[in-house]
Amino acid sequence: MTEVSRVNCTKCRSLCPSGPKPLNFLRRLQSMKKPARHSLRAISGRHALNTMHLKAGSALLLVMLFGQAQATDASHAAKQQRMPDSYAQAAKLIDLGQGRVLNLRCSGSGPQTVLLEAGALADSSTWFKVQPLLATHARVCAYDRAGFGFSSEGPLPRDLDADVADLHALIQHAALATPLVMVGHSLGSNIVRQYASRYPADVSAMVLLDPPAQDIGRFAPAWQKDEDTLSGQRFAFLHQCEAAAEKHELTTTNKELSQCLGGPDPNASAKLNAVNLALMSKPAYWRTVVSVLQNNLAVFKPPVSKQETHGSTPLIVLSAANTYADALPRDRKGLEEARAHTQAQIVATSSRGTLVHVADTSHEIQIDQPNAVVKAVVQALEMVQPASK
């Protein structure tokens, strides 16, 4: 819910990516926001939703868009780092059967394995700063969920059940050593929590990056009212992009349709930008985007379930300082209260839960403060390290 902030979104109300200059797609979505809105930052799935500027709070939608790798405004002080061209091709395609594959990227070695779960519309490239740092401590794997990156499309709807089922199949077919330390960003934190509830023996610890606010309407009713009003307009636009992709028209010079794809990522090479454009032009990508965002409405509207429990599994929640930095004054307090309440509830689901506040970062902690993520994961690894004989 609060997770997707793409371009200049401070908790965008729908899909907003982040980056130095907003994409056309973001501008289009932004123009649908007649009511007050905040800019959320998000690094959305592969490019297009990449620099979007939407309503701040709509993390509901954007929260899920997290995926590409561009430095956010929240970290001007952070040294910019270009995404490696290795992301321009698949790593290892894991066969799930029935003609489906998921793209898996693993590096490093060691007795423990860390599994990285991206946010809503993001893919494995969102971890381009974190993964190489973690690889010096353990074996680290990131993957593209169905319909994103180099993974094939999955059956609809793309809800938490579908994501958890795919993740379980991936772990089995790739023979990943369990139990895993699972790291989830934004919507990825919801996937990790549900996976841990369903397959507790597979998870030794969890590190959750800025879990999105749930039950926002209770804390920020005006924001929720605006979001509900804008939702229909956003989905109408997304369906236009989807229809154009089905007709293979997204690569044309049509001014209206070009807004779906946006401009190049300044932190990526021409080669990588061309690959991103091609991936985002596929009908499967847009079908997946629409389904993910539709199901996020159901994921984030209710509060954290009182039945959720993770026993004594180590659970570290990283809370970003500037998730709602661009939110309207009218809404910011309520949005921050909703997120704080949600994250406190999540921490309470484990007797070994810990909340860590991370300064100088937007919602995209893995981009703005990768070392903070590495520190938390190393702590989790130490907490579950087998006692030496």
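When reading the values below, keep in mind they use all heavy atoms of this one structure, side chains included, and skip hydrogens, waters and symmetry mates.
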Does a side chain donor of either [X] or [Y] reach within less than 3.5 Å of an acceptor in the other side chain?
X	Y	answer
Q343	S319	yes
D85	S269	yes
Y195	D202	yes
Q194	D161	yes
S312	R352	no
R339	T323	yes

Cluster overlap L167 with L156, hydrophobic side-chain contacts below 4.5 Å: no
Worked verdict on V114 versus V183 for side chain to side chain contact (heavy atoms under 4.5 Å, CB included): CA-CA 7 Å; V114 177; V183 182; 3.7 Å; yes
Stepwise salt bridge (Lys or Arg N to Asp or Glu O under 4.0 Å) test for R82 and D265: CA-CA 10 Å; R82 286 175 67 85; D265 179 352; over 6 Å; no
Which pair of heavy atoms, one from [X] and one from [Y], lies closest together, and at what distance?
X	Y	answer
V181	A380	CG1-CB, 4.2 Å
S152	G99	OG-O, 4.3 Å
S204	P314	O-CD, 3.2 Å
G149	D144	CA-OD2, 3.5 Å
T342	V304	CG2-CG2, 3.9 Å
I365	L318	CD1-O, 3.8 Å

Taking [X] for its side chain and [Y] for its backbone only, find out whether a donor-acceptor pair lies under 3.5 Å.
X	Y	result
T313	H310	yes
D123	F148	no
T288	A284	yes
D159	A162	yes
T136	P132	no
S281	L277	yes

Student check: side-chain heavy atoms of [X] and [Y] closer than 4.5 Å:
X	Y	result
Q89	K271	yes
L116	H185	no
Q294	P157	no
V356	V317	no
V347	T354	no
I367	F128	yes
R139	Q112	no
V275	F150	yes

Measure the [atom1]-[atom2] distance between [X] and [Y] for me, rounded to the nearest 0.5 Å.
X	Y	atom1	atom2	value
W127	L133	CH2	CG	12.5 Å
Y199	L180	OH	CG	13.5 Å
L104	L176	CG	CG	6.0 Å
L115	M182	CG	CE	4.5 Å
L160	L187	CG	CG	6.0 Å
D163	E117	CG	CD	7.0 Å

Side chain to side chain contact (heavy atoms under 4.5 Å, CB included) between N190 and Q214, worked out: CA-CA 11 Å; N190 296 77; Q214 298 189 201; 3.2 Å; yes
Step-by-step side chain to side chain contact (heavy atoms under 4.5 Å, CB included) determination, W286 to C241: CA-CA 7 Å; W286 290 98; C241 297; 3.7 Å; yes
N-O pairing of R193 and E308 below 4.0 Å: yes
Electrostatic pair E153-K282, nearest N-O below 4.0 angstrom: no
Test side chain to side chain contact (heavy atoms under 4.5 Å, CB included) applied to L335 and I216, step by step: CA-CA 7 Å; L335 292 171; I216 286 184; 3.9 Å; yes
Stepwise salt bridge (Lys or Arg N to Asp or Glu O under 4.0 Å) check, K129 with D368: CA-CA 9 Å; K129 290 185 178 182; D368 295 342; over 6 Å; no
Mutual orientation of the aromatic rings belonging to H341 and F219 [parallel < 30°, tilted 30-60°, perpendicular > 60°]: tilted
Working for salt bridge (Lys or Arg N to Asp or Glu O under 4.0 Å), residues R158 and D166: CA-CA 10 Å; R158 297 315 302 170; D166 275 3; 2.9 Å; yes
